[in-house]
Amino acid sequence: MEKATLIYNPTFKDNRGVFAPLSLIFGGDKLELLRKDWIQSNISYNPHKFTFRGMHLQEGPYAQTKLVKVIHGAIIDFVVDLRVGSPDYLKVQHFIVDSNSELYVPKGFAHGFITTEDDTIVQYLVDNVYSKDSERSILWASFPEIKGIIEQYTPLIISNKDIQATPIDECINELNTEPDFGTNEWQGRTINNLYNSNFGIVLAGSLMLLMLLCLVILNFLK
């Protein structure tokens, strides 16, 4: 199954400011993991440090994969695996993400972050449309690992929606987060596609072997 992954992707700074590339074409030396149909780019500007946004996710057919890139500043990014059947179910992770890195967040993860610098700009790509009816906000303080970190940063800037979010133990049975990336997939490619690829390789190899055999027979008949 896909996992939250911190990826090195540097920005370039000089006397003019910052240039922050975020590739939309992945292949070759890029991670196969990132081959998604990214359909939207979101920008989050946070004037003040200790601004918290989370923990958010979208359920069911509107679940989103996210690729989170810090353009300026820094954040502590939190993810919780809410995919039923995942070996990491309910596991909490946090990552320090600055302007030289980006974080891949698979579908089925609750996601949030706190800024640790003023004027932090976060860009994130998503591979699915937003649906208000499918959005969930889970109370960050209901995760002890997250609470222990967040409480170090005061005064905390947070929206009323996130203050009034539902604790995880109250909404866990209602969450519809069956893993989109199942055991029949690998790095974004289904097993059937892999089988088809392998079949093509075997077929090509068989044809080459047949050609070599024909050449041997022709040389023998000479």
Side-chain angles (χ1 to χ4, degrees), residues 4-6 11 18 20 22 40-60 62-83 88-177:
T5 305
L6 188 65
T11 54
V18 177
L22 182 59
Q40 184 171 310
S41 173
N42 301 313
I43 300 291
S44 169
Y45 171 59
N46 307 273
H48 305 294
K49 62 182 178 180
F50 309 156
T51 298
F52 180 78
R53 299 174 183 266
M55 300 291 292
H56 305 149
L57 81 158
Q58 288 198 181
E59 299 181 88
Y62 292 99
Q64 292 178 329
T65 306
K66 296 179 180 179
L67 184 61
V68 182
K69 170 72 175 177
V70 173
I71 298 174
H72 183 269
I75 63 174
I76 301 175
D77 202 299
F78 303 93
V79 297
V80 182
D81 190 346
L82 297 177
R83 299 171 298 181
D88 293 327
Y89 183 57
L90 294 182
K91 180 179 179 179
V92 177
Q93 295 176 275
H94 72 275
F95 302 86
I96 297 175
V97 187
D98 59 19
S99 59
N100 290 318
S101 56
E102 60 196 32
L103 182 67
Y104 177 83
V105 184
K107 293 180 180 179
F109 279 68
H111 171 258
F113 65 83
I114 183 170
T115 63
T116 55
E117 297 181 13
D118 290 336
D119 295 317
T120 292
I121 303 173
V122 180
Q123 177 185 21
Y124 62 96
L125 308 181
V126 294
D127 68 345
N128 205 351
V129 296
Y130 169 76
S131 168
K132 184 177 181 180
D133 293 337
S134 298
E135 183 183 33
R136 289 287 190 135
S137 293
I138 303 175
L139 184 63
W140 59 271
S142 59
F143 301 101
E145 301 94 327
I146 299 176
K147 183 179 179 182
I149 295 174
I150 295 298
E151 288 182 340
Q152 300 176 42
Y153 300 94
T154 57
L156 188 67
I157 300 172
I158 186 171
S159 70
N160 288 331
K161 182 183 77 170
D162 290 340
I163 291 175
Q164 299 166 5
T166 306
I168 183 61
D169 58 350
E170 293 183 18
C171 65
I172 195 169
N173 294 327
E174 302 173 6
L175 290 171
N176 178 21
T177 52

Hey, which of Phe52, Phe95, Trp140 is the one that makes side-chain contact (heavy atoms from CB on, under 4.5 Å) with Phe78?
Phe52
Any side-chain donor near an acceptor of the partner, Glu135 and Tyr130, under 3.5 Å:
yes
Please round to the nearest 0.5 Å and tell me the distance separating atom CD of Glu170 and atom CD1 of Ile138.
11.5 Å
More than 12 heavy atoms of other groups within 6.0 Å of Ile96 CD1:
no
Within the 3.5 Å criterion, strictly below it, is a donor on Gln123 or Ser41 matched to an acceptor on the partner's side chain?
yes
Side-chain donor-acceptor contact under 3.5 Å, Tyr45 with Asp119:
yes
State whether the number of non-hydrogen atoms from other residues, nucleotides or ligands found under 6.0 Å of Phe50 atom CZ is greater than 12.
yes
When you check the gap from the basic side-chain N to the acidic O, do Glu102 and Lys66 get nearer than 4.0 Å?
no
Does the side chain of Leu125 reach to within under 4.5 Å of the side chain of Leu22, using non-hydrogen atoms?
yes
Pairwise distance CE(Met55) to OG(Ser137) - rounded to 0.5 angstrom:
10.5 Å
Which residue in the set Asp88, Ile168, Ile172 passes side-chain contact (heavy atoms from CB on, under 4.5 Å) when paired with Leu82?
Ile168
Atom pair CG/OG1 of Leu139 and Thr166 - distance to nearest 0.5 Å:
8.5 Å
Intermediate values then yes/no, side chain to side chain contact (heavy atoms under 4.5 Å, CB included), Ile150 and Ile114
CA-CA 8 Å; Ile150 295 298; Ile114 183 170; 3.8 Å; yes
Do Asp77 and His111 get their side chains close enough for a donor-acceptor pair, meaning under 3.5 Å?
yes
Are Arg83 and Phe109 close enough that some pair of their side-chain heavy atoms sits under 4.5 Å apart?
yes
How far does CD1 of Ile76 sit from CZ of Phe113, to the nearest 0.5 angstrom?
12.0 Å
When rounded to the nearest 0.5 angstrom, what is the spacing between CG in Asp81 and CG in Leu90?
8.0 Å
Candidates Asp162, Thr115, Asn46 - the one meeting side-chain hydrogen bond (donor to acceptor under 3.5 Å, both in side chains) with Arg53:
Asn46
About how many Å separate CD of Gln40 and CD of Gln64, when rounded to the nearest 0.5 Å?
7.5 Å
Are Val80 and Ile146 packed together at the side-chain level, in the sense that at least one heavy-atom pair is separated by less than 4.5 angstrom?
yes
